[in-house]
Enquirer: 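Dropping a structure here in structure tokens format, bear with me for questions.
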Amino acid sequence: MKMKFVMLFLVLLMMGGCGKMESVQEQVEKNYTNADGLIHAYPTEQDSEYLSETLGLYMEYLTLVEDDVNFSEQVEVLKSHFVAQENNHSFIRWRLSENASTNALIDDIRIIKALEQASDIFGNEEYRTLADKLSEAVSSVQSEGGYTVDFYDWSLRMPAERLTLSYLDDNGAITPESYGLLDKADTGEVFSPEYYDTAAEQYISSNEVHMIDQLLIALNREKSGQPSEQFAEWLKEEWNREQKLFGRYDRQTLKATVDYESLAVYYYLHTYFSMTGNSELADEVFQHTNEIAADGMLDNAHFFDFIHYQMLVLK
């Protein structure tokens, strides 16, 4: 544990240089925010996408550091730019676009949870009221065959016909039947299927797996009391052999199909190792992540990677 804090201090020192170190909030405002207060995906690239995913992740970070002022500002961005009214419901557009008439379950749940937590932390009941409205929209229309699905098309008034298993974070807006899919997703293989097709009533697996998806599915299963034993063993072996984890792997060969690493992958890997009692491996992941972050990976990072790294630092 001592080594963990020594490494963090050295990283922060290198990132700060000799001048005053910028806070995460200052970095977000300087590098990721446009004149309207909207956060774009890549630093200094205002033509990159504006996503509800990005907004929700920043709201999550602000609850962790208990920043009431900046959280309040992001709530105003949410209400004025992302929340739309349709058929007596309030839903969150997954991206800012004239044609965006769908939401995204995983982003909605993240924002709803951030609002609920902020209501408790900051004593603001308006946040919980908004969370309840957004949650009610999901639970009212966004289901198919008893399963909460990935999105709802508000222009066509049509739910999706799939549920991505990595989206099943704990939340009351998601039906109990949906969580049951996690319990049945263990195929006896290393990697889990990615989603359940509600029309075909079957799990769907891709040939190339994304590690963020696989880690999130394993975390969701772990929370529901369903360990992913084959995946856990493979992860430990892969880490001990390579001392790194790549972004994508082949489902059959279990070999990496790309040569890039991801700060967000390491956030979830650290979380998974910590949750499954592998604290020494979690510390190794923390150290490696700080090293590659200090070596320039943060300079042009997508906001998804940037903010996950900042949340990792808080652990």
Enquirer: Supply the atom-to-atom distance Ile307 CD1 to Tyr58 OH, rounded to the nearest 0.5 angstrom.
Expert: 6.5 Å

Enquirer: Hey, does Thr148 have a side-chain heavy atom less than 4.5 Å from the side chain of Leu105?
Expert: yes

Enquirer: Is the distance between the ring centroids of Trp234 and Tyr249 less than 6.0 Å?
Expert: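 They qualify: ring centres under 6.0 Å apart.
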
Enquirer: Residues sharing Leu156's hydrophobic cluster, by side-chain heavy-atom contacts under 4.5 Å among ILVMFWY, directly or via others?
Expert: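 ILVMFWY cluster around Leu156 also holds Met158.
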
Enquirer: Using the side chain to side chain contact (heavy atoms under 4.5 Å, CB included) definition, which of the options Asp250, Asp213, Val209 pairs with Phe191?
Expert: Val209

Enquirer: Take atom CG of Asn88 as the centre, draw a 6.0 Å sphere, and report whether it contains more than 12 heavy atoms from other residues, nucleotides or ligands.
Expert: no

Enquirer: Please check if atom CD in Glu201 has more than 12 non-hydrogen atoms from other residues, nucleotides or ligands closer than 6.0 Å.
Expert: no

Enquirer: Are any side-chain N or O atoms of Thr164 and backbone N or O atoms of Ser166, one a donor and one an acceptor, separated by less than 3.5 Å?
Expert: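 Judged by distance alone, no pair lies under 3.5 Å.
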
Enquirer: Tyr152: which other cluster members, linking ILVMFWY side chains closer than 4.5 Å, directly or transitively?
Expert: Phe91, Val141, Trp154

Enquirer: Is the side chain of Thr54 donor-acceptor paired with the backbone N or O of Tyr50 at a distance under 3.5 Å, no angle test?
Expert: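 Pair absent, no side-chain N/O of Thr54 close to backbone of Tyr50.
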
Enquirer: Check whether any side-chain heavy atom of Val24 sits under 4.5 Å from a side-chain heavy atom of Tyr61, and report yes or no.
Expert: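 Answer yes - side chains close enough.
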
Enquirer: To the nearest 0.5 Å, what is the distance between OG on Ser101 and CZ on Arg157?
Expert: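 Nearest 0.5 Å value for the OG-CZ distance: 12.0 Å.
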
Enquirer: With side chain to side chain donor-acceptor pair (under 3.5 Å) as the test, would you mind laying out the steps for His288 and Glu261 before giving the verdict?
Expert: CA-CA 11 Å; His288 178 70; Glu261 299 172 78; 2.6 Å; yes

Enquirer: State yes or no: do Val69 and Leu62 share one hydrophobic cluster built from I, L, V, M, F, W and Y residues joined by side-chain heavy-atom distances below 4.5 Å, directly or via other members?
Expert: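 Not linked; separate clusters.
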
Enquirer: Are Ser274 and Thr271 close enough that a side-chain donor and a side-chain acceptor fall under 3.5 Å?
Expert: no

Enquirer: From Ile92 CD1 over to Ile111 CD1, what is the distance, rounded to the nearest 0.5 angstrom?
Expert: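 Between atom CD1 of Ile92 and atom CD1 of Ile111 there are 4.0 Å.
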
Enquirer: Would you say Leu57 and Leu51 are hydrophobically clustered, going by side-chain heavy atoms of ILVMFWY under 4.5 Å?
Expert: no

Enquirer: Between Val28 and Phe306, is any pair of side-chain heavy atoms under 4.5 Å apart?
Expert: yes

Enquirer: Provide the full list of salt bridge (charged side-chain N to carboxylate O under 4.0 Å, His left out) pairs with a residue in residues 43-56, sequence neighbours left out, each pair given once.
Expert: Glu49-Arg95

Enquirer: Walk me through whether Asp186 and Gln230 qualify under side chain to side chain contact (heavy atoms under 4.5 Å, CB included).
Expert: CA-CA 9 Å; Asp186 190 352; Gln230 291 85 356; 4.0 Å; yes

Enquirer: Which residue in the set Asp67, Asn70, Thr33 passes side chain to side chain donor-acceptor pair (under 3.5 Å) when paired with Gln25?
Expert: Asp67

Enquirer: Does the side chain of Ser224 reach to within under 4.5 Å of the side chain of Tyr179, using non-hydrogen atoms?
Expert: no

Enquirer: Please answer whether the main-chain N or O of Ala41 pairs with a side-chain N or O of Ser48 as donor and acceptor at a distance below 3.5 Å.
Expert: yes

Enquirer: Salt bridge check, Glu194 against Arg251: does any charged N sit closer than 4.0 Å to a carboxylate O?
Expert: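 Here Arg251 pairs with Glu194 in a salt bridge, since their nearest N and O are under 4.0 Å apart.
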
Enquirer: How many angstroms lie between atom OG of Ser206 and atom CZ of Arg248, to the nearest 0.5 angstrom?
Expert: 9.5 Å

Enquirer: Counting C-beta onward and ignoring hydrogens, is there a side-chain heavy-atom pair between Lys223 and Met275 closer than 4.5 Å?
Expert: yes

Enquirer: Is it true that atom CD of Glu29 has more than 12 heavy atoms of other residues, nucleotides or ligands lying nearer than 6.0 Å?
Expert: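 Check fails, neighbour count at 12 or below.
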
Enquirer: Around atom CG of Asp299, are there more than 12 heavy atoms of other residues, nucleotides or ligands at under 6.0 Å?
Expert: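 Correct, the count exceeds 12.
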
Enquirer: Distance alone, cut at 3.5 Å: any donor-acceptor contact between the side chains of Ser262 and Asp305?
Expert: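 Yes, because at least one side-chain N or O of Ser262 sits under 3.5 Å from a partner of the opposite role on Asp305.
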
Enquirer: With a 6.0 Å cut-off (strictly less than), is the heavy-atom count around CG of Asn300, excluding the residue itself, greater than 12?
Expert: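 No, not enclosed.
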
Enquirer: Shared ILVMFWY cluster between Ile121 and Met59, side chains joined below 4.5 angstrom?
Expert: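 Yes, same cluster.
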
Enquirer: Would Arg110 and Glu60 satisfy salt bridge (charged side-chain N to carboxylate O under 4.0 Å, His left out), going step by step from the backbone distance to the final call?
Expert: CA-CA 7 Å; Arg110 184 183 290 115; Glu60 181 181 351; 3.8 Å; yes

Enquirer: Specify whether His302 and Tyr42 have parallel, tilted or perpendicular ring planes, treating 30° as the upper limit for parallel and 60° as the lower limit for perpendicular.
Expert: perpendicular

Enquirer: Determine the minimum heavy-atom distance between Tyr309 and Asn290, stating which atoms define it.
Expert: OH-OD1, 2.6 Å

Enquirer: Same cluster for Ile109 and Phe151 if Ile/Leu/Val/Met/Phe/Trp/Tyr side chains link at under 4.5 Å?
Expert: no

Enquirer: Are the side chains of Arg93 and Ser52 in touch, meaning some heavy atoms are under 4.5 Å apart?
Expert: no

Enquirer: Within a strict 4.5 Å, meaning less than it, do heavy atoms of the Ile212 and Leu216 side chains meet?
Expert: yes

Enquirer: Between His308 and Phe304, does the ring centre distance come in under 6.0 Å?
Expert: yes

Enquirer: Quick one: does any side-chain atom of Ser23 pair with a main-chain N or O of Glu26 as donor and acceptor, under 3.5 Å?
Expert: yes

Enquirer: Any chance the rings of Phe71 and Tyr127 have centres within less than 6.0 Å?
Expert: yes

Enquirer: Could you check, using the six-membered ring where one of them is a Trp, whether Phe303 and His40 have ring centers closer than 6.0 angstrom?
Expert: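 So the answer is no for these two rings.
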
Enquirer: Taking NZ, NE, NH1 and NH2 as the nitrogens, is one of them in Arg221 or Asp183 under 4.0 Å from a carboxylate oxygen of the other?
Expert: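 Looking at Asp183 together with Arg221, the answer is no, because their closest N to O distance does not fall below 4.0 Å.
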
Enquirer: Do Asp150 and Gln142 have side-chain N/O donor and acceptor atoms under 3.5 Å apart?
Expert: no

Enquirer: With a sphere of 6.0 Å drawn around NZ of Lys184, does it hold more than 12 non-hydrogen atoms of other residues, nucleotides or ligands?
Expert: no

Enquirer: The test is side chain to side chain contact (heavy atoms under 4.5 Å, CB included); show your working for Leu235 and Leu245 and say whether it passes.
Expert: CA-CA 9 Å; Leu235 264 186; Leu245 196 67; 3.9 Å; yes

Enquirer: Rounded to the nearest 0.5 Å, how far does CD1 of Ile174 lie from CG of Leu181?
Expert: 11.0 Å

Enquirer: For a 4.5 angstrom cut-off between non-hydrogen side-chain atoms, does Tyr147 reach Tyr196?
Expert: yes

Enquirer: Report yes or no: do Ile204 and Val190 belong to one cluster of Ile/Leu/Val/Met/Phe/Trp/Tyr joined by side chain heavy-atom distances under 4.5 Å?
Expert: no

Enquirer: Is it the case that the side chains of Thr198 and Glu161 hold a donor-acceptor pair, with the cut-off being a distance below 3.5 Å and no angle test?
Expert: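 Side chains of Glu161 and Thr198: no pair found under 3.5 Å.
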
Enquirer: Does the pair Lys133/Glu136 count as a salt bridge with the N-to-O cut at 4.0 Å?
Expert: no

Enquirer: Tell me if the CD atom of Glu126 is crowded by more than 12 foreign heavy atoms within 6.0 Å.
Expert: no

Enquirer: Count the heavy atoms of every other residue, nucleotide or ligand shown that sit under 6.0 Å from CD of Glu280, and state whether that count exceeds 12.
Expert: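 Open.
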
Enquirer: Which of these, Asn171, Asp108, Thr63, Asp169, sits in a side chain to side chain donor-acceptor pair (under 3.5 Å) with Lys113?
Expert: Asp169

Enquirer: For Leu269, which of Val285, Thr289, Leu312 qualifies under side chain to side chain contact (heavy atoms under 4.5 Å, CB included)?
Expert: Val285

Enquirer: Measure from NZ or CZ of Arg162 to the centre of the six-membered ring of Tyr195, then state whether that distance is under 6.0 Å and the direction lies within 45° of the axis.
Expert: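 So Arg162 does make the cation-pi contact.
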
Enquirer: How long is the gap from CG on Leu130 to CD on Glu116, to the nearest 0.5 Å?
Expert: 10.5 Å

